[in-house]
Amino acid sequence: MPNPTAAMLVIGDEILSGRTRDANMYYLAGELSKHGVDLKEVRVVSDDAPAIVVAVRALSDAYDHVFTSGGIGPTHDDITADCIAEAFGAAIDVRADARAILAEHYAKTGAELNDARLRMARIPDGAELIDNPVSRAPGFTMGNVHVMAGVPAVFQAMVETVLATLVGGKPLLSQTLRVDRGEGEIAATLSALAEKYGDLSIGCYPFQINGAFGANVVVRGTDGAQVDAAITELARDLGL
């Protein structure tokens with residue numbers, strides 16, 4: 001049986017403007033690989049409600065799981081929760097359980113639970129809360145869409161919470177072979193290997209060091225024996 005599939009939707013003008021470098025995709029990809037969930041697509045959209053709604057619907061229909069990052073904070077441009085509600089045709093308002101979490105947190109810190117902070121308790125009807133042990137403001141799961149904060153420490157904690165509830169498949173294994181030759185010299189060998197091992201992903205990633213060309217060949221798959229065999233065969237065929 002194939003592994004479950006997933007997509008990621010990164011939301012925020014700050015990503016597209018280049019002001020912020022996204023670290024969440026790298027983290028999520030690694031965790032999903034270990035959990036046996038295949039990340040198939042990543043999209044980045046601006047803080048534009050129609051674009052977010054369209055992307056959520058498309059990804060939700062295409063994959064088993066969708067992970068979103070960003071846009072669930074206390075400011076005016078944090079519109080992700082409303083967009084998720086619209087995408088699923090659900091009502092949204094401050095929810096008692098989410099409000100209680102925030103009220104307890106801010107009572108402990110001595111800060112005011114003002115209207116801005118209450119925005120983080122607005123949850124679509126029918127959604128399940130995602131625990132946030134870092135800053136307490138919860139994320140939520142609506143259907144197959146897991147809605148999480150963009151702050152990396154919070155995102156990572158929420159991913160851990162969500163993955164504990166998901167049934168994964170076989171972990172994705174990988175091995176890398178460094179080849180100190182240009183891609184053009186090894187392309188035919190790689191094509192033959194890819195044809196023979198159709199269940200594996202074989203990628204070629206070139207580099208240049210001090211004017212010399214080379215490539216890292218990465219073999220990925222869920223069958224460790226096949227990965228080992230492919231790497232061994234490649235090294236032999238290239239005389240390494």
Side-chain angles (χ1 to χ4, degrees), residues 2-33 35-93 95 98 119-130 132 137-163 165-169 172 201:
N3 284 353
T5 60
M8 182 180 185
L9 180 62
V10 182
I11 300 166
D13 292 341
E14 70 275 12
I15 302 296
L16 290 169
S17 70
R19 289 178 58 85
T20 300
R21 178 179 295 178
D22 180 67
N24 293 333
M25 180 184 70
Y26 173 82
Y27 178 80
L28 180 65
E31 293 304 300
L32 291 179
S33 292
H35 199 69
V37 177
D38 296 342
L39 183 61
K40 294 293 189 179
E41 182 176 352
V42 177
R43 295 193 193 185
V44 183
V45 296
S46 65
D47 296 313
D48 176 75
I52 296 170
V53 171
V54 167
V56 167
R57 288 173 175 165
L59 296 175
S60 177
D61 287 343
Y63 302 103
D64 297 315
H65 299 285
V66 180
F67 296 81
T68 78
S69 167
I72 60 171
T75 59
H76 71 283
D77 57 344
D78 289 312
I79 59 174
T80 299
D82 294 272
C83 294
I84 299 295
E86 181 177 344
F88 282 91
I92 182 171
D93 205 345
R95 214 167 77 179
R119 283 176 55 83
M120 296 186 290
R122 298 179 72 253
I123 306 292
D125 287 352
E128 296 183 8
L129 298 185
I130 298 174
N132 169 11
F140 61 87
T141 294
M142 188 76 185
N144 64 340
V145 180
H146 312 289
V147 181
M148 297 175 286
V151 177
V154 181
F155 179 83
Q156 292 175 19
M158 289 184 173
V159 167
E160 183 177 348
T161 297
V162 171
L163 288 183
T165 70
L166 302 185
V167 177
L172 185 64
S201 169

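We number each residue from 1, following the sequence as shown.
Taking the side chain as every heavy atom from C-beta outward, Ile130 and Pro138 never approach each other to under 4.5 Å. Looking at Phe88 and Val56, their side chains come closer than 4.5 Å, going by heavy atoms from C-beta outward. Thr68 is not listed as a side-chain neighbour of His146, based on a closest heavy-atom distance of 4.5 Å or more. Side-chain contact between Arg43 and Leu59 is present, with at least one heavy-atom pair separated by less than 4.5 Å. Inter-residue side-chain proximity for His65 and Leu166 is flagged as met; some heavy-atom pair is nearer than 4.5 Å. In this structure the side chain of Asp78 never reaches within 4.5 angstrom of the side chain of Ile72, judged on heavy atoms. Taking the side chain as every heavy atom from C-beta outward, Met148 and Ser69 never approach each other to under 4.5 Å. Between Phe67 and Leu32, some side-chain heavy-atom pair lies under the 4.5 Å cut-off.
Here the OG atom belonging to Ser201 is positioned 10.0 Å from the CG atom belonging to Asp38, to the nearest 0.5 angstrom. Of the inter-residue distances, the one linking Ile84 atom CD1 with Ile52 atom CD1 reads 8.0 Å to the nearest 0.5 angstrom. Distance check, rounded to the nearest 0.5 Å: OG1 of Thr161 to CD of Gln156 gives 12.0 Å. Within the model, atoms CZ of Phe140 and CZ of Arg95 stand 9.0 Å from one another, a figure rounded to the nearest 0.5 Å. Once rounded to the nearest 0.5 Å, the distance linking CD1 of Ile79 with CG of Asp48 reads 7.0 Å. Summarising the geometry, atom CE belonging to Met25 is positioned 9.5 Å from atom CG belonging to Leu28; distances are rounded to the nearest 0.5 Å.
A donor-acceptor pair is defined here as one N or O able to donate and one able to accept, closer than 3.5 Å; no such pair exists between the side chain of Asp125 and the backbone of Ala90. Distance alone, capped at 3.5 Å, is enough to place a donor-acceptor pair between the Asn24 side chain and the Gly150 backbone. Remark: side-chain polar atoms of Asn144 are paired, donor with acceptor, to backbone N or O of Ser60 under 3.5 angstrom.
Closest approach of Asn132 and Ala137 over heavy atoms only: ND2-O, 2.8 Å. Contact detail for Cys83 and Val53: the closest heavy-atom pair is O-CG2, 3.6 Å. Closest approach of Pro4 to Gly169, counting heavy atoms only: CD-N, 3.8 Å. Across all their heavy atoms, Ala55 and Val45 have their closest contact at CB-CG1, 4.3 Å. In terms of heavy atoms, Met142 sits closest to Gly126 at SD-C, 4.2 Å. The two atoms that bring Met120 and Gly73 nearest to each other are CG-C, 3.6 Å, heavy atoms only.
Counted by atom type alone, Thr75 and Asp77 present one or more donor-acceptor pairs between their side chains at under 3.5 Å.
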With side chain to side chain contact (heavy atoms under 4.5 Å, CB included) as the criterion, how do Ile92 and Ile123 come out once you've worked through the C-alpha distance, each side chain's angles and the decisive distance to 0.1 Å? CA-CA 6 Å; Ile92 182 171; Ile123 306 292; 5.7 Å; no
Given the rule in the side chain to side chain contact (heavy atoms under 4.5 Å, CB included) test, do Val37 and Asn3 qualify, once you have shown the distances and angles that lead to the verdict? CA-CA 6 Å; Val37 177; Asn3 284 353; over 6 Å; no
Should Thr5 and Asp64 be marked as a side chain to side chain donor-acceptor pair (under 3.5 Å) after you check the CA-CA gap, both sets of side-chain angles, and the distance that decides it? CA-CA 5 Å; Thr5 60; Asp64 297 315; 3.3 Å; yes
For Val145 and Val147, what are the C-alpha separation, side-chain angles and deciding distance, and is it a side chain to side chain contact (heavy atoms under 4.5 Å, CB included)? CA-CA 6 Å; Val145 180; Val147 181; 4.0 Å; yes
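Remark: Arg122 engages Asp82 in a salt bridge, criterion side-chain N to carboxylate O under 4.0 Å.
The aromatic rings of Tyr27 and Phe155 sit perpendicular, their planes meeting at an angle over 60°, well past the 30° parallel limit.
Around CD of Glu41, the count of heavy atoms belonging to other residues, nucleotides or ligands within 6.0 Å exceeds 12.
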